[in-house]
Structure formats: C-alpha cells, structure tokens
Asker: 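The structure under discussion is supplied below as structure tokens; questions concerning it will follow.
Numbered from 1 within each chain, the chains take letters A, B, ... in sequence-line order.
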There are 2 protein chains.
Amino acid sequence: MRQRHPWAAVDVVIFRVDGRALEALLVKIKHGPFRGRWAFPGGLVVLGEALDEAARRELFEKTPIHDVYLEQLFTFGDPDRNPARHVVSTTYFALLPASAAAPRAGTKYAEAGWFNVKRLPVLAYDHNRIAAVALERLRAKIAYTNVAYGLLPRAFTLGELQRVYEVIPGRPLDRRNFRRKILETGLIKPLHRYRRGAHRPAALYAFRERRLAAARRIFRWSDLG
Amino acid sequence: MRQRHPWAAVDVVIFRVDGRALEALLVKIKHGPFRGRWAFPGGLVVLGEALDEAARRELFEKTPIHDVYLEQLFTFGDPDRNPARHVVSTTYFALLPASAAAPRAGTKYAEAGWFNVKRLPVLAYDHNRIAAVALERLRAKIAYTNVAYGLLPRAFTLGELQRVYEVIPGRPLDRRNFRRKILETGLIKPLHRYRRGAHRPAALYAFRERRLAAARRIFRWSDLG
DNA sequence: GCAAAAGTGTTGAGATTACACCCATGC
DNA sequence: GCATGGGTGTAATCTCAACACTTTTGC
C-alpha cells in the first residue's frame, strides 16, 4: 500500500479596489522552472492543517491583517499544471480594503506587487486560468451578496461603495438608482457621521453585517453577461 | 525535502430524479473504521490523473453511462475528516436521467443504492456536509441554468420537466407560468412529436443545448431560501 | 362517463429603468 | 465663482404572480 498520490496545495487570489481599478496581488517566483514569473501566492498544505488555515497562512505572509474575507474558489488538478510534480491546488480568493497594509515579499518570493486585473502579465502555472475564474466569481457574487464589505473600510461613503460596484463588473451605474437599491437591500446602515474632504461632506455608512449575506440583486440580468 | 503532505481524493454525489423524489447514490463501505456505513463513492487521485478524470472514473464504476453532467462542487480538507490519514477531497456532483442503468456495487463496495435526499442516513466521513453543499448548489443552479438536461432523457414532456423543477427546490409551481417562462428562456425546443400514454398525448421537447448554459431566472427570489 | 394529465390568456401589483436639477464644500 | 462630488423624485415600461376552464386520451 505504498502508493503515491498528488499532494494538496493552496493558491490565493487577493483582490483590492484601488481608486478606479480592481487589483490582484502577485508575487515573483524565486526558484524552479517558473523563476522570475509572476504568480498568485501559494504553497503545499502541511499535514494536519486545514485547507482554510493553509490559505490564511499564505495570505498572512503577504499582508499581515486579520478580518479578511476569504472564500474557496475552485480546485485545479491537471497533472501537468506543475511540471515538477503533480499537485492539486485549491484556490481561494481574498478581499482587502484599499487601505490595508502594503504587501511584503517575505523570504519565499523575490517581489510582491499589485496589478490591475485587466492587465495581468502571463503568469506561472495555470494561474491566468485561476485569475479568470476568480474574477468571474467575484463579479457574480457582488451582484447578490454583501461581499463588497471585504473591499471597503468599516465606514465608507455611498460614492466609494458605488465605485466598487462599478469597477468589478466594469460598467457605470446610475447614481440615484444605485443609492435607492443598495439602501433597500438593508445591507448597509447610516452612521450619521460625515466625511469632510475636497467637496460637499458625504454621509458615512457601514455594512450591517461583516459576514457573507445574500441580498436581492443589485444589477440587472443583462449586466452579468 | 522529503516532506509529507495531504493526498488528493475525489468524491462524487450522483443525483437522479425518480418520479417525485430527488435521489442520491450511496455505497456501503467494506473496510476500515467506517465499515458498514453509507457514503458517496470516491477515492484517492492517482498520480498523473486529472481531477475530473478521477471523478469520472469513480462515477463510471457505479453507473456505466457516458454523457453525464459532472461539475466540481467544493473541496473539503479538514485534517480529521478521515481518521486514517489527512486526505483533501474534491467533491463533484453528477446528474443522471432517471432511465439510466442501475447502480452496481463493484468490487470496492458491499452495496450500492439510491436514497431520497430528504432521508439520507448518517454517512461516513463528512459526507452529510457534502450532501448539504451539493443540494444547495443544485438548487441554486437549476434556477438560472439548463442543468436540468442532465436529469432528463433527450425527449421529455413539459410535465416531466416541471416535476424536476418542483422536486429540487421542493415546492409546486404554477403550470401555466412555468410553461410560459421555460419556453421564453429558449433553453428547450419542441420536437413536434407526441408521447402517448394513459392520458392526453403530450408534446415532446428537448434541450437546445446539452451543455451548461445560463438563462434568465425561472424561480422568484424568495424561492431560493 | 370519469379520471388524469395537457393545453391555454389576462389582469393587477410591484419592480426596474431612464432621466435633471440643486447643494455644500475647498480652492 | 467654479469645479467636484453629494443629495433627491417621478413617470413609463416591464416583469411577475395569481388565477379557471376546456381538451384529449385510456380505461
């Protein structure tokens, strides 16, 4: 019974919305056949470690913040996705508020940086496929859940929220309709505080719950195409 | 670098709609700590084998038909889900038409049989959790895709189709509204043939495409619970 | 003739979209 | 005073849900 089987690994796609762009965190690989190529952070699961733990470990190595939205995405297991050995990788996606700490490369990778998801380079392994799946999932999910909370700080203006809801599907929304609909969902609540800035002060809101909740749809059907 | 890591495995939840019940295929385990308990068929992934291949292999051992709808569900990786060794299992769900061949136990299992998903026994491993996730996914997916094709023969009546759409969420639908909506989606096409039976002959239909396609929603929001 | 499933339209309520003007602030 | 983003309401259209009676067949 001394058979060999593929090992389990995790990879994590970390998203943030910076200004008007959706970005993902990439790391530059130091060793092996993909040396010098960008990839999503990841690694083998340690014996006795739960999958989510492994994903959180990889995530924490890059950005030392807790209270991160983390969701399992898909498992990729083609034998040739990793030329070194057959590895079955379960991918996760994580959402960070734009304000979160800068990424650190750690000892494992040469560099780390944020990339606009619209202009990702050719990645190592099958990671461009992973990127596509992650983006698709995020787009689908923002339309009928409160996942957006993961991309925003505790308090935010409706304008900031709308920008998240526009950047991810990549199309503009009517401001009046957006405000009405998002308030009707009950996902967010007014804080009765105001943010002063360069212009008219904006009312601050917070998500009622900072864990996944379903809601009625915010986009129309045709917006999901 | 002679580290040990969890192995990859697959488990497959096979559904069918038999008359008025949604059923899943269970096998009885022959050996090990869960001997005598029911579980979904599954096993370790062989080195060099793609995940889907492994799932298809497990599926084919039970019901020798091709052209089966198969979709990856979720990956479970808690270290204690299998007391023997840390195994990370990627689960799949498969859909069979009711007419499909009877299940065979094979050599690996003591027995195989169909169980109403509403009355599943206590299963081995974390398989009751898997059942819950599979059911949730199937319910969500039938509402906005043509997955139902996997549960029906090539040609079917609108009555048969409606029964599938009622059994899975577990609530009745208005016949007139159902027929109008399902025809509006364009997912199915009339065959201009009729099935004769005990009663008035019914027009036969077929799915326009026998691969996953999205459609506008067939249920109302509140029907998704 | 009767039991059982097939077939067929309309109406009211609610949801969705499109759309334009004034307000508060910093500079 | 002007540029920038914040704030607000209404009307037309579309979608959704509710609902009942007739038809065709096998027995």
Asker: May I have the distance from B:Leu158 (atom CG) to C:dG7 (atom P), rounded to whole angstrom?
Answerer: 6 Å
Asker: Please classify the nucleic acid contact of B:Ala198 as base, sugar-phosphate, or nothing, using heavy-atom distances under 4.0 Å.
Answerer: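 Counting heavy atoms under 4.0 Å across all strands, the contact made by B:Ala198 includes a base.
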Asker: Does the distance from a Lys or Arg side-chain N to an Asp or Glu carboxylate O, for B:Glu71 and B:Lys141, drop under 4.0 Å?
Answerer: yes
Asker: Between A:Tyr205 (OH) and D:dG7 (C1'), how many Å, whole number?
Answerer: 9 Å
Asker: Between C:dA5, D:dT15, D:dC19, which nucleotide gets closest to the side-chain atoms of B:Asp174?
Answerer: D:dC19
Asker: Between C:dT10, D:dG5, D:dT24, which one does the side chain of B:Arg180 approach most closely?
Answerer: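 Closest of the options to the side chain of B:Arg180: C:dT10.
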Asker: Atom CZ of A:Phe178 to atom P of D:dG7: distance rounded to whole Å?
Answerer: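 Rounded to the whole Å, the gap is 12 Å.
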Asker: Just do the salt bridge (charged side-chain N to carboxylate O under 4.0 Å, His left out) check on A:Asp11 and A:Arg81 with the steps written out, would you?
Answerer: CA-CA 13 Å; A:Asp11 289 299; A:Arg81 59 184 296 281; 3.8 Å; yes
Asker: Counting any heavy atom closer than 4.0 Å, what does A:Arg175 reach on the DNA or RNA strands: base, sugar-phosphate only, or nothing?
Answerer: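 Counting heavy atoms under 4.0 Å across all strands, the contact made by A:Arg175 includes a base.
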Asker: Below 4.0 angstrom from OP1 or OP2 of D:dA17, is there any side-chain N or O of B:Lys181?
Answerer: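 For D:dA17, OP1/OP2 do have a side-chain N/O of B:Lys181 under 4.0 Å.
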Asker: Rounded to whole Å, please give me the gap between CZ in A:Arg200 and P in C:dT25.
Answerer: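 Checked: the CZ to P distance equals 8 Å.
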Asker: CZ of B:Arg171 versus P of D:dA17: gap in Å, rounded?
Answerer: 12 Å
Asker: To the closest 0.5 Å, what do you measure between OG1 (B:Thr91) and CZ (B:Arg129)?
Answerer: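 One gets 10.0 Å once the value is rounded to the nearest 0.5 Å.
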Asker: Looking at the side chain of B:Arg176, which of D:dT4, C:dG9, D:dG6 is the nearest nucleotide?
Answerer: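 Closest nucleotide among those given: C:dG9.
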Asker: From OH of B:Tyr194 over to C1' of D:dG26, roughly how many Å is that when rounded to an integer?
Answerer: 19 Å
Asker: Counting side-chain heavy atoms from CB outward, which of D:dA17, C:dG7, D:dG7 is closest to B:Asn177?
Answerer: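 The closest nucleotide is D:dA17.
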Asker: Please determine, for the side chain of B:Ala202, which listed nucleotide (D:dG7, C:dT25, C:dA6) has the closest atom?
Answerer: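 Nearest to the side-chain atoms of B:Ala202, counting from C-beta on, is C:dA6.
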Asker: Using the side-chain heavy atoms of A:Thr157, tell me which of these nucleotides is nearest: D:dG5, D:dG6, C:dA6.
Answerer: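 Closest nucleotide among those given: D:dG6.
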Asker: Is it true that B:Asp67 and B:Arg154 make a salt bridge, defined as a side-chain N closer than 4.0 Å to a carboxylate O?
Answerer: yes
Asker: Round to a whole Å and report the spacing from CD1 of B:Ile182 to P of C:dG7.
Answerer: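 After rounding, the gap between these two atoms is 15 Å.
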Asker: Between A:Leu25 and A:Lys62, is a side-chain contact (heavy atoms from CB on, under 4.5 Å) present by the stated rule, with each step listed?
Answerer: CA-CA 9 Å; A:Leu25 180 72; A:Lys62 299 290 149 301; 3.7 Å; yes
Asker: Starting the side chain at C-beta, find the nucleotide from D:dC16, D:dG5, C:dC19 nearest to B:Arg216.
Answerer: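 So the nucleotide nearest the side chain must be D:dC16.
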Asker: Of all the choices, D:dC19, D:dG6, C:dT25, which nucleotide is nearest to the side chain of A:Arg196 once you look at every atom?
Answerer: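 Within the option list, the nearest is C:dT25.
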Asker: Output the rounded distance in Å from CZ (B:Arg195) to C1' (C:dA4).
Answerer: 16 Å
